[in-house]
K.L.:
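Input: one structure, supplied below.
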Amino acid sequence: MQEIMNTVLMLSLSGTFLAGILFLLRPLYRRRLSKRWQYYIWLVVIARLLVPWSLISVPIEMIHTSFEQPAAESRKPEPSHTTENKIPKELPADAPKQAAASTQAAKPTHHSCIRLQIASAFRKYAPAVWLVTAMMLLLRKLTIYQSFTRYIRAGSRTIDDISLLEHVGGMIGQEHIKGCVGLCTNSLISSPLLIGILKPCIVLPASDQYLTAEVFHYSVLHELIHYKRADLIYKWLIQFTLCLHWFNPFLYLVEREIRQLCELSCDEAVIKNLDAAERKAYGSILLSAMANGTYSSPSASVSFSESKKLLKGRLDAIMDIQKRSKATTAAALALTCLFTAAAASFGTYKTTAAATNRKTEHTAASTERDLTIICENNRLYTIFSDGADEADKPSGGFSEGTIGLTLFTKNGYSTIGPFSHRKKLIKEVNTQCSYALAHGASTQDTYDAFLYTAQEIDRISTTDTDQFPKLNKSSIQLTEGSTLLLKLTRVKQDPVWSSENKKIAIVDKHGTVTAQKPGQTKIYARIGQITYICKVTVTKKQTTKQAYAKAYAAHDIEKKNGAYYYKGSRVRIFMDVKADDSFYIFNYDANGSIDLRLQRDDAGSIIRLESLTQEELNEIQQDLELSEPIKAAAAVTKTDHTKTGSVGSDAKIIRMAKEDAPQAIREALRSCGQGKWYMICKNKKKYIYYNGLAADYAFQPEWNADRLKVKVSDMGRASVCYVLLEVSHSTPVTIYYNEKQVSHKNINL
């Protein structure tokens, strides 16, 4: 919301600047350029006020810092013979009391702190005040519009004179006007007007004067020109802009100028082909229409007569009409292009989306002291100041569930914390900084930097939790082509994502990271003035041969010197069968002693390992045209990774889909996070679950006397999937992933 507010403020400032240029140049072009050009050139200003986009950045963009840090000041470094790292890492137990005792002495140095708090309150409530006021103003204008049009239509009478209607039809054809326009009279008005956008209607006063041929012709033609040029839509666009920028008094002058030019340009269009006598007659009609008591609404209609003050200008313009030369037309075109280019080239607020294109976190958000705030590992908020960078950063961290703030400068560093309650963060930072400041262990600049960071953390955090914002992964490892979803939680709005090196990994606007090629990079999640960092390591994607060799190894199968072995025994017939019963591998080795069949599913995962039956051997003997029949060799233990995997006398493992799990388990899965292992226990069954696996997987159970080991291995196939295994045994279970034991969270139902 604050970003939107900042954008509106900058658009308002830019639009005011452009409008000021037009007002300053008005004496030069008022009599030289057409009223039509003067009327429509204001659309460029309106567009600048509404469209948050510009071609390039310009110095005016810098002014946005006055809205974000009005209390920040550029100071000269205070003379000190101590370095910043003299702040104690652990404050004495009576530090709050000592800080309170020293408050009176520290007050003269806390002016900037007070201003920061005022600025924080302004940033917090100003957007809501602006939005509510804008909505109320727009609602009021819409209500007035509906009341006005209903009032006018209710008291109107349709004109049914055939000759008048035919005359109007001729004017519509002559002006090439498309659409249908109503025609009626009303005794409540004293001058012609056009109302309605969807159902337009020209309303004439219920006076015999307006039914005479000349007056009727020019009155209706004037309103038809308004309809042809969609002046009602133009006026409503201005009203919407006024509601959006209600706080800018200069724009009300702009609205008045456009309203006057609307009538002047319409008069110009009506009299462009008239001679002097006809123009004089048209002016007389304007004078007769200028009666007091006209009931009209600036936003709901366009009126033939606006005001007495405008009448003189209209009459002067009517009599001063002159044909524009080609040079004047060319000058108008050039001025339009120049003005439009100027409007498109500057004046928008530079949001975080633009800042995320920078390659390192050191160029993230900054205050007037050039502060850069980043967060790594969800615990350490690092503040770089005065040109400091990673080279000035020592190692360190904070315990689980807490955060710390560290400020780095070229001369040293300061650390405060740990903090465990987000809602108490500002108060606790104030306490620690006040103590350090009162005892000469800090400077006012350090105080301000820490307090600003604490306020920014509090501002971006959701109000319904006392926990700090958190990135679900602070470091990830992906293979080429694989993806993983990153998510920044406990924040009020979605962050802006970017990658340090798009050649290694890219990230979309939703936080989905896609590995491109081997290497290391960082993914940035920018929200407010803080950048959260996830380190990414991309490894080379395994070839199909490597992936299959890894899957074979998980089932005690290996290939040596062209021959396949199972648990050390040479395999005679080895069949690796795809889901469609076609062979990935078929190998016959007369020197082997066992026969194996591997069955895969549609995803290519091994779901069954078994010996060949005698019937299958007979078919193979016929296919190979062997002279002697093949007799069944030694049998192997059958393992089925889809239904039941034998791991003990009464233990079974089932690989299943989420939709096949019991209802209670499916509900428990919804509460599980991504990137963590879970063990859900219910009715003597255990469900092993992991969401966000970077590749398809196979699993291998191993049974010990007192424990069951479930080994999960990547298959090397790039996909984002989940692990869900049902274990039917009460023995404790240990989970291994890629040969490494992993920790898991237990959920008992």
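Since the structure is predicted, the reported quantities are computational estimates derived from the model, not experimental observations.
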K.L.:
Hey, does V712 have a side-chain heavy atom less than 4.5 Å from the side chain of N738?
P.N.:
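A side-chain contact under 4.5 Å is absent here.
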K.L.:
Just checking, is any N or O donor in the side chain of T406 or T415 under 3.5 Å from an acceptor N or O on the other one?
P.N.:
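Judged by distance alone, the side chains do pair up.
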K.L.:
Does atom NZ (K509) have a neighbourhood of more than 12 heavy atoms from anything else shown, all under 6.0 Å?
P.N.:
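Open: at most 12 neighbouring heavy atoms sit under 6.0 Å from NZ of K509.
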K.L.:
Return the OH to OH distance between Y566 and Y552, rounded to the nearest 0.5 Å.
P.N.:
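With rounding to 0.5 Å, OH (Y566) is 14.5 Å from OH (Y552).
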K.L.:
Cation-pi check for Y690 against K676: NZ or CZ below 6.0 Å from the six-membered ring centre and within 45 degrees of the axis, yes or no?
P.N.:
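Negative - K676 is either too far from the ring of Y690 or too far off its axis.
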K.L.:
Angle class for the Y381/Y532 ring planes (parallel below 30°, perpendicular above 60°, tilted otherwise)?
P.N.:
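Ring orientation, 0 to 90° scale: perpendicular.
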K.L.:
Is NZ or CZ of K560 both nearer than 6.0 Å to the six-membered ring centre of Y565 and within 45° of the ring axis?
P.N.:
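The answer is yes; both the distance and angle limits are met.
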K.L.:
Has the side chain of Q599 got a donor or acceptor atom that lies under 3.5 Å from a matching backbone atom of K578?
P.N.:
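The answer is yes, because a donor-acceptor pair under 3.5 Å joins these two groups.
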K.L.:
Taking atom types as modelled, find out whether E428 and Q432 have a side-chain donor-acceptor pair closer than 3.5 angstrom.
P.N.:
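E428 vs Q432: no donor-acceptor pair found between side chains.
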K.L.:
What's the separation between atom OG1 in T539 and atom NZ in K517, rounded to the nearest 0.5 Å?
P.N.:
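T539 atom OG1 to K517 atom NZ measures 14.5 Å (nearest 0.5 Å).
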K.L.:
Does D508 have more than 12 heavy atoms from other residues, nucleotides or ligands lying within 6.0 Å of its CG?
P.N.:
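Result for CG/D508: enclosed.
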K.L.:
Inspect the surroundings of NZ in K658 and state if more than 12 heavy atoms from other residues, nucleotides or ligands are less than 6.0 Å away.
P.N.:
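Yes, because the 6.0 Å sphere around NZ of K658 holds more than 12 heavy atoms from other groups.
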K.L.:
To the nearest 0.5 Å, what is the distance between NE2 on H555 and OG on S713?
P.N.:
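Nearest 0.5 Å value for the NE2-OG distance: 9.0 Å.
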K.L.:
About how many Å separate CG of L598 and CE of M575, when rounded to the nearest 0.5 Å?
P.N.:
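Rounded to the nearest 0.5 Å, the CE-CG separation comes out at 10.0 Å.
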K.L.:
If you count every heavy atom of other residues, nucleotides or ligands that lies below 6.0 Å from K424 atom NZ, does the total exceed 12?
P.N.:
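Not buried by this count: 12 neighbours or fewer within 6.0 Å.
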K.L.:
Within the distance-only criterion (no hydrogens, no angle test), does the side chain of T521 pair as donor or acceptor with the backbone N or O of N501 below 3.5 angstrom?
P.N.:
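Yes, the answer is positive, given that a donor and an acceptor are paired below the 3.5 Å cut-off.
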K.L.:
Has S569 got a side-chain atom pairing as donor or acceptor with I594's backbone, closer than 3.5 angstrom?
P.N.:
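Checking the backbone N and O of I594 against the side chain of S569, no donor-acceptor pair under 3.5 Å is found.
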K.L.:
List the residues meeting salt bridge (charged side-chain N to carboxylate O under 4.0 Å, His left out) with R597, not counting sequence neighbours, and say none if there are none.
P.N.:
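R597 satisfies salt bridge (charged side-chain N to carboxylate O under 4.0 Å, His left out) with E610, E616 once adjacent residues are dropped.
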K.L.:
Are R572 and D595 ion-paired here, with the side-chain N under 4.0 Å from a carboxylate O?
P.N.:
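Between D595 and R572 there is a salt bridge, with a charged N closer than 4.0 Å to a carboxylate O.
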